[in-house]
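Notes to accompany the following structure.
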Amino acid sequence: MKTIKDLPGLGEKSEQVLLSVGIDSIQALRQLGAVHAFIKVKKSNSTKPSMNLLYALVGALEGHHWLSVAKTQKAELLMLLEEYEEFEQLFKTNDEPFTLEQVINSAKHK
């Protein structure tokens with residue numbers, strides 16, 4: 001069975017980083033999506049990823065080399081990250097940390 005490190009452009013280090021935040025399979029990564037997986041890693045206390053991880057995640061899921069993703073989708077991905085930060089401010093209440101689950105649950109109830 002294939003594991004995360006078997007995806008093109010990802011390796012053991014990427015897999016370990018994703019495992020550390022509970023993303024333990026290719027299916028889990030696909031369900032969460034590259035941007036949300038990156039944000040989850042970014043929000044963890046253990047690792048502060050570079051944008052190259054985001055490009056590699058997108059490339060792995062879309063079948064493109066991460067350098068190609070960096071060249072062609074950089075602006076779009078940066079906008080998505082900015083939108084996430086805006087959502088974070090909208091959902092933040094009483095100085096409690098914002099979670100992806102809050103957005104997902106809110107979207108499901110609309």
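The analysis underlying the following values was restricted to heavy atoms, covering all of them including side chains, and did not include hydrogens, waters or symmetry mates. This is a predicted model, so every value here is computed, not measured.
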Handout entry: Closest contact, heavy atoms only, Val41 versus Pro49
Key = CG1-CG, 3.8 Å
Practice task
Please report the shortest heavy-atom distance between Lys40 and Val21, naming the atom on each side.
Solution key: CE-O, 3.1 Å
Practice task
Look up atom CG in Leu18 and atom CG in Leu7, then write down how far apart they are to the nearest 0.5 Å.
Solution key: 9.5 Å
Completion exercise
Ile4 and Glu15 have their tightest heavy-atom pair at N-OE2, 3.3 Å
Exercise for the section: For side-chain contact (heavy atoms from CB on, under 4.5 Å), just list the numbers for Arg30 and Leu61, CA-CA rounded to whole Å, side-chain angles, deciding distance to a tenth of an Å, and then say yes or no. Expected result: CA-CA 7 Å; Arg30 286 192 193 287; Leu61 294 176; 3.6 Å; yes
Exercise for the section: Measure the CD-CG distance between Glu83 and Leu78 for me, rounded to the nearest 0.5 Å. Expected result: 11.5 Å
Handout entry: Nearest-0.5 Å distance that lies between atom NZ in Lys43 and atom NE2 in His36
Key = 11.5 Å
Problem - Cluster link Leu29 to Tyr84, ILVMFWY, side chain under 4.5 Å - result: yes
Problem - Between NZ on residue Lys13 and CD on residue Gln16, distance to nearest 0.5 Å - result: 11.5 Å
Fill in the blank from the handout: Between Leu57 and Ala37 the two heavy atoms that sit nearest each other are CD1-CB, 4.2 Å
Practice task
First locate atom CD1 of Ile39, then atom OG of Ser44, and finally report the distance between them rounded to the nearest 0.5 Å.
Solution key: 12.5 Å
Exercise for the section: For His64 and Thr72, run side-chain contact (heavy atoms from CB on, under 4.5 Å): C-alpha distance rounded to whole Å, both residues' side-chain angles, the deciding distance at 0.1 Å, then the answer. Expected result: CA-CA 11 Å; His64 303 290; Thr72 61; over 6 Å; no
Handout entry: Check: Lys42 main-chain N/O paired with Lys48 side-chain donor or acceptor under 3.5 Å
Key = yes
Practice task
Grab the two heavy atoms, one from Leu53 and one from Ser14, that are nearest each other, plus how far apart they are.
Solution key: CD1-OG, 4.1 Å
Problem - Spacing of Gln27 atom CD and Gln31 atom CD [to the nearest 0.5 Å] - result: 4.5 Å
Practice task
Considering non-hydrogen atoms only, spot the tightest contact between Ser50 and Phe38 and give its length.
Solution key: O-CE1, 3.2 Å
Handout entry: Residue pair Tyr55 / Gln73, side-chain heavy-atom distance below 4.5 Å
Key = no
